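The block underneath contains the structure these notes are about, expressed in structure tokens.
Hydrogens, waters and symmetry mates are skipped; everything else that's a heavy atom, side chains included, is used. It should be emphasised that the depicted structure is a prediction, and the values quoted were computed from it without experimental measurement.
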Amino acid sequence: MFILSQCLVAIATLLDLASFQFKQRQAILACLFSSVLLTSVHFMLLDNFSAACLMLIAALRYGYCIFARKTWVMIAFMLLSISAVLLTWQSWVSFIALSATLLQTYASFQGKDFTLRILMIVGIIYLCLLM
């Protein structure tokens with residue numbers, strides 16, 4: 001299972017990199033949807049259910065944001081992410097993942113691709129600095 005999980009996350013990483021090459025918001029979000037769905041399976045295979053839940057919620061969020069951007073849905077995704085972390089808490093790393101998820105949830109609901117990209121980069125840098 002470990003090798004399969006690593007293959008999935010390698011493909012997910014390539015999709016993440018590809019997402020920043022697109023101009024259209026929908027194309028960016030479609031790449032991110034595919035990436036985090038694969039990452040969710042990756043974490044499930046590694047028995048990290050907190051991260052797997054957050055990634056699954058993120059995939060659903062990106063899928064929704066391809067078609068719509070209602071503020072109440074953004075708040076619902078944030079509350080769902082908080083609930084998922086509280087239910088699957090493993091360590092302080094869960095809090096770091098939650099913080100980045102909340103920032104990227106906000107980013108997903110932005111109308112302009114530039115704002116989406118900047119906030120996503122900030123979220124990624126935040127995760128890298130704290131890990």
To the nearest 0.5 angstrom, please state how far the CG atom of Leu87 sits from the CH2 atom of Trp89.
12.5 Å
For Ile57 against Ala84, the heavy-atom pair lying closest together:
CD1-CB, 3.6 Å
Spacing of Met74 atom CE and Tyr106 atom OH [to the nearest 0.5 Å]:
7.0 Å
Once rounded to the nearest 0.5 Å, what's the spacing between atom OG of Ser40 and atom CG of Leu60?
9.0 Å
Would a single hydrophobic cluster contain both Phe49 and Leu80, if residues Ile, Leu, Val, Met, Phe, Trp and Tyr are joined by side-chain heavy-atom contacts under 4.5 Å?
no
Please say yes or no: joined through hydrophobic side-chain contacts below 4.5 Å, possibly via intermediate residues, are Val41 and Met1 part of one cluster?
yes
For the atom pair CG (Leu15) and OG1 (Thr39), what is the distance rounded to the nearest 0.5 Å?
8.5 Å
Decide if atom CZ of Phe20 counts as having more than 12 heavy atoms of other residues, nucleotides or ligands within a radius under 6.0 Å.
yes
For Cys31, is there any backbone N or O sitting under 3.5 Å from a side-chain donor or acceptor partner on Ser35?
no
After noting the C-alpha distance and the side-chain angles of Leu46 and Phe2, does the key distance pass the side chain to side chain contact (heavy atoms under 4.5 Å, CB included) rule?
CA-CA 7 Å; Leu46 296 177; Phe2 179 77; 3.9 Å; yes
Determine whether a donor-acceptor pair (N or O, by modelled atom type, separation under 3.5 Å) exists between the side chain of Arg25 and the backbone of Ser108.
yes
Do Ile82 and Phe77 belong to the same hydrophobic cluster, where Ile, Leu, Val, Met, Phe, Trp and Tyr are linked whenever their side-chain heavy atoms lie under 4.5 Å apart, directly or via other members?
yes
So, taking the atom named CD1 in Ile11 and the one named CD in Gln6, what distance separates them when rounded to the nearest 0.5 Å?
12.0 Å
With rounding to the nearest 0.5 Å, note down the distance linking CD in Gln24 to CG in Asp113.
9.0 Å
Scan Asn48, Val9, Leu54 and name whichever one has a side chain to side chain contact (heavy atoms under 4.5 Å, CB included) with Phe43.
Asn48
I need the minimum non-hydrogen distance between Ala107 and Leu116, along with the two atoms involved.
O-CD1, 3.2 Å
If two hydrophobic side chains count as joined below 4.5 Å and joins carry through other members, does Leu98 share a cluster with Leu86?
yes
Any side-chain to backbone donor/acceptor pair from Ser5 onto His42? Under 3.5 Å, distance only.
no
Heavy-atom nearest pair, Lys70 first then Phe109, reads O-CE2, 3.5 Å
Does the Thr115 side chain pair with the main chain of Gly111, one donor and one acceptor, at a distance under 3.5 Å?
no
Which residue, Val73, Leu56, Val36, Thr101, forms the side chain to side chain contact (heavy atoms under 4.5 Å, CB included) with Arg61?
Thr101
Please report the shortest heavy-atom distance between Cys53 and Thr88, naming the atom on each side.
SG-CG2, 4.1 Å
Using side-chain heavy atoms (C-beta onward) and a distance below 4.5 Å, is Met55 in contact with Leu37?
no
Shortest non-hydrogen contact from Leu8 to Leu45?
CD1-CD1, 3.9 Å
More than 12 foreign heavy atoms under 6.0 Å from CD1 of Ile3: is that the case here?
no
Residue from Asp16, Leu103, Leu32, Ile28 passing side chain to side chain contact (heavy atoms under 4.5 Å, CB included) with Met120:
Leu32
Less than 4.5 Å apart, side chain to side chain, heavy atoms only: is that true for Tyr62 and Gln104?
yes
Do Leu17 and Ile118 belong to the same hydrophobic cluster, where Ile, Leu, Val, Met, Phe, Trp and Tyr are linked whenever their side-chain heavy atoms lie under 4.5 Å apart, directly or via other members?
no
